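This chain uses plain numbering: 1 for the first residue, then up along the sequence. Bear in mind that the values here come from a model prediction, so they are computed numbers and not experimental data. These values consider heavy atoms only, across backbone and side chains, with no hydrogens, waters or symmetry-generated copies.
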Amino acid sequence: MTERLRSEGIILRGTYGDMEIHVRRCFPKSPNNIHIILLHGVHSSANIGLHNKFRYLAELLVDRGFTAWLVETSRKLRNRLDFADNIGGWIKGAFEGKTFAQEQEDFFMAIREIIRRVSPDPIWIWGFSLGGIIALSAAAGAIEPPDGKQPAIDRIILSGTGLVAYQETESRMMKMPILSTLYSSLSQDMITRVRTNGCILFRGSEDEIFPEQSCLDLLGGIELPAESKYFHTVKGADHSLRLRNGKNAPDIMQEMVEFIVKTWL
């Protein structure tokens, strides 16, 4: 860890595998008192390892005054790098048998604990792919506002999140751990019950998982005024928003952070 990222770790009791939810708070030098909770996608990791995209994203956020919170859900294994390109081996070894409800509850427990620690500071949630769906479900009544009045989640940021994937992708991925129980766990009216003060949805133009219309339909279903919802296409970027035109592109994260700052600060 470099001097640029000052952080502290918290471990909460999880629902599966090692029964641990790893939470890391990353501190800005000049805080703006806004907390952004980062939710990773399915079968992913969020930690301060040198090659983890969420570490880099946390660095960008703390440089702009945000307090960044990384949440990594419970799993059987955490040594993702040991599997190299064996993605199937990693998914089976770390997540076989885990349900969507367990993954969701891991994130909910982390969100509740963070709110308990920092309320009444504003909470923004930034979810990637499935993490975006969980962010929306948190704002659809699962997380109660401390004061009982304002939305518990002040703003929501979605990256690579849609309602329905490409047909070929859907048939392949929905058999995997966590995803295999997704549709049976979500209510059909969840999107309409989301309560928040603003939403940004980022989609890479080369997203191989969700069509553009699927993302637009999701954003349109959130009952907010049109001027409180924003859709931004990241040109050349893939679903993970790590690659641009097939090459690693840290500037994608910079582009998203700059859009957020320009739009809401």
Side-chain angles (χ1 to χ4, degrees), residues 15-16 36-44 71 73 98-115 122-167 169-203 207 209-232 239 263-264:
T15 64
Y16 168 87
I36 299 185
I37 306 174
L38 303 174
L39 307 187
H40 60 69
V42 69
H43 311 138
S44 188
V71 180
T73 56
K98 188 174 189 182
T99 66
F100 171 77
Q102 289 173 308
E103 185 82 346
Q104 184 183 51
E105 185 57 24
D106 280 350
F107 279 129
F108 284 176
M109 285 190 284
I111 294 167
R112 292 185 185 109
E113 176 62 20
I114 293 167
I115 290 175
I123 295 288
W124 298 2
I125 298 185
W126 189 343
F128 283 70
S129 194
L130 187 70
I133 294 295
I134 294 174
L136 292 169
S137 66
I143 305 296
E144 294 291 333
D147 60 7
K149 298 178 182 179
Q150 296 297 321
I153 315 304
D154 181 49
R155 309 284 171 91
I156 293 175
I157 305 158
L158 309 171
S159 289
T161 301
L163 288 176
V164 181
Y166 288 109
Q167 185 174 355
T169 303
E170 185 101 357
S171 60
R172 172 175 52 86
M173 293 191 66
M174 298 312 290
K175 299 175 183 177
M176 294 180 179
I178 300 175
L179 293 176
S180 63
T181 53
L182 171 63
Y183 290 144
S184 62
S185 301
L186 290 177
S187 60
Q188 293 185 348
D189 67 340
M190 181 194 76
I191 301 300
T192 64
R193 291 187 287 104
V194 169
R195 296 294 175 263
T196 188
N197 293 319
C199 184
I200 293 173
L201 197 158
F202 296 107
R203 178 186 180 270
D207 191 318
I209 305 295
F210 291 109
E212 181 179 67
Q213 192 59 51
S214 176
C215 299
L216 290 170
D217 289 346
L218 185 155
L219 190 62
I222 300 172
E223 295 184 353
L224 280 173
E227 61 270 20
S228 299
K229 299 187 287 188
Y230 303 86
F231 183 82
H232 180 76
H239 174 72
T263 303
W264 282 340

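Here the side chains of Lys98 and Asp106 are in contact, with some heavy-atom distance below 4.5 Å. Side-chain contact between Glu103 and Val42 is absent, with no heavy atoms from C-beta onward closer than 4.5 Å. With contacts defined as side-chain heavy-atom distances shorter than 4.5 Å, the pair Asp217/Val164 does not qualify. Arg155 is listed as a side-chain neighbour of Asn197, based on a closest heavy-atom distance under 4.5 Å. Side-chain contact between Ile157 and Trp264: present, with at least one pair of heavy atoms (C-beta onward) separated by less than 4.5 Å.
Leu39 and Gly131 make their closest contact through CD1-O, 3.5 Å (heavy atoms, listed as atom of the first residue, atom of the second, distance). Residues Leu201 and Cys215 come closest through the heavy atom pair CD1-O, 3.5 Å. In this structure, Ser159 and Trp126 approach most closely via the heavy-atom pair OG-NE1, 2.8 Å. Shown here for Ser129 and Phe210, the closest heavy-atom pair between the two residues is OG-CE1, 4.2 Å.
Looking only at atom types and distance, the side chain of Ser137 has a donor-acceptor partner in the side chain of Gln104 under 3.5 Å away.
Note: Phe202 and His232 have perpendicular aromatic rings, judged against thresholds of 30 and 60 degrees for the angle between ring planes.
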(request) Could you give me the CA-CA distance, side-chain angles and deciding distance for Ile125 and Phe107, then say whether side-chain contact (heavy atoms from CB on, under 4.5 Å) is met? (result) CA-CA 11 Å; Ile125 298 185; Phe107 279 129; over 6 Å; no
(request) Decide side-chain contact (heavy atoms from CB on, under 4.5 Å) for Leu158 and Leu136; before the verdict, give the C-alpha distance in whole Å, the side-chain angles of both, and the deciding distance to 0.1 Å. (result) CA-CA 9 Å; Leu158 309 171; Leu136 292 169; 4.1 Å; yes
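For Thr181 (side chain) and Ile178 (main-chain N/O), a donor-acceptor pair under 3.5 Å exists by modelled atom type. Under the 3.5 Å distance criterion, the side-chain polar atoms of Thr169 are left unmatched by any main-chain donor or acceptor of Ile209. Side-chain atoms of Tyr230 come within 3.5 Å of backbone atoms of Glu227 as a donor-acceptor pair (strictly under, hydrogens ignored).
Residue Ile156 is tested with Val194, Ile123, Thr161 for a side-chain contact (heavy atoms from CB on, under 4.5 Å); the sole match is Val194.
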